[in-house]
Number of protein chains: 2
Amino acid sequence: MSLLESRGTDPAPIFAALGDPTRLSLLTRLSDGQSRSIASLSADTQLTRQAVTKHLHVLENAGLVKSSRTGRESRFAFQPEAVAEAKAYLDSVSRQWDDALSRLRALVER
Amino acid sequence: MSLLESRGTDPAPIFAALGDPTRLSLLTRLSDGQSRSIASLSADTQLTRQAVTKHLHVLENAGLVKSSRTGRESRFAFQPEAVAEAKAYLDSVSRQWDDALSRLRALVER
DNA sequence: TCATGATGCAACCTCCTGGTTGCCTTTTAA
DNA sequence: TTAAAAGGCAACCAGGAGGTTGCATCATGA
């Protein structure tokens, strides 16, 4: 079983969602734990509300954020699990790298 | 200074590079510390050598990998710094989330 | 009940991305 | 010295991503 398949789901969609500065900014703002409406999130940006809405849906599909409709507004909230998943992948990569270095060092110092 | 600007460079390009399953697979294979030629990396994939070459250059531009020409082949090697940078961003996001939870808990338990 | 605020839906546009094919150049091993 | 291996370069193509505009819908406060 390869490193990529060894963990739960494929982290690529999560990274793809993180790979846009606008979305990264939205996620950063939401990571303070406060849920926000679309209008609120669109307020201090140059983009259209529709553009922000699309980005929020991308984040939601990646599991980085969760939406819930309350009354006339729909609020978005940060979802920490997906971030943990991305971190887990990066950790597995650096761990494999560190192990390779250790083995090389052991081989040289023998 | 916002959370996004507080660290060195913008992590978005790194995440964008990681956001493709083919590139993720290439990076995973290279994270064992062994440098590989383009032909070697193209061997057990369905894609064309040119497609793999493009992906490798995307990884290189994101700083995730480094190339060096030796003789008639150019070899690509894993570069751990960019991965560390991506992890640093994810850590800052989860830290902000954890802090928000702590403050909320303190407020409730008061 | 009615004007306003907050969204949703859909069409449309442009540009980038992931891939391919074809061809030329540089190395290398026999 | 020459054929095959390894790559680089460029053109080309289809589809998706990021954005916009226009209009319809639902909720709410006066």
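Letters A, B, ... are given to chains in the order of the sequence lines, protein chains preceding strands, and every chain is numbered from 1. These numbers were taken from a predicted model, which means no experiment stands behind them. Side chains included, hydrogens not; waters and symmetry mates left out as well; all remaining heavy atoms used.
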Discussion item. Please evaluate residues Asp20(B) and Phe15(A) with respect to the criterion side-chain contact (heavy atoms from CB on, under 4.5 Å), reporting the C-alpha separation (whole Å), side-chain torsions for both, the decisive distance (0.1 Å), and the verdict.
Written reply: CA-CA 8 Å; Asp20(B) 178 280; Phe15(A) 287 128; over 6 Å; no
Practice prompt. Please step through side-chain contact (heavy atoms from CB on, under 4.5 Å) for the pair Leu47(A) and Ser42(A), ending with a clear verdict.
Written response: CA-CA 7 Å; Leu47(A) 298 181; Ser42(A) 311; over 6 Å; no
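Atom P of nucleotide dC9(C) and atom CG of Leu56(A) are separated by 14 Å, given to the nearest angstrom. Atom P of nucleotide dA6(C) and atom CZ of Arg36(A) are separated by 16 Å, given to the nearest angstrom. The distance between atom NE2 of His57(A) and atom P of dA17(D), rounded to the nearest whole Å, is 14 Å. Rounded to a whole Å, the CG atom of Asn61(B) is 15 Å from the P atom of dC16(C). Distance Glu73(A) CD to dA27(D) C1': 11 Å, rounded to the nearest Å.
Checked against ring pair (Phe, Tyr, Trp, His ring centres under 6.0 Å), Phe78(A) has the following partners two or more places apart in sequence or in another chain: Trp97(B).
Checked options Thr70(B), Leu30(B), Ile38(B); the residue passing with Arg75(B) is Thr70(B) (criterion: side-chain contact (heavy atoms from CB on, under 4.5 Å)).
Of the candidate nucleotides dA6(C), dG8(C), dG7(D), dG7(D) has the atom lying nearest to any side-chain atom of Ser37(B).
In the helix from dT1(C)-dA30(D) to dA30(C)-dT1(D), the terminal helix axes, each the rotation mapping four pairs' C1' atoms onto the next four within five end pairs, subtend 30°, rounded to 10°.
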Show me the donor-acceptor pairs within less than 3.5 Å that the side chains of residues 61-68 of chain B make with the rest of the protein, sequence neighbours left out.
{"from": "Asn61(B)", "atom 1": "ND2", "to": "His57(B)", "atom 2": "O", "distance (Å)": "3.3"}
{"from": "Ser67(B)", "atom 1": "OG", "to": "Glu60(B)", "atom 2": "OE2", "distance (Å)": "2.9"}

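Pairs engaging residues 31-40 of chain A under the salt bridge (Lys or Arg N to Asp or Glu O under 4.0 Å) rule: Asp32(A)-Arg36(A) [sequence neighbours left out]. For the salt bridge (Lys or Arg N to Asp or Glu O under 4.0 Å) condition, the pairs that include at least one residue of residues 41-59 of chain B, sequence neighbours left out, are Arg29(B)-Asp44(B).
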Worksheet, complete the sentence: Heavy-atom contacts, protein to nucleotides 17-30 of chain C, under 4.0 Å, summarised as B (base), S (sugar-phosphate only) or - (none) per nt, yield -SBBBB----BS--
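When all heavy atoms are compared, the tightest approach of Glu73(A) to Ser37(A) is OE1-CB, 3.7 Å.
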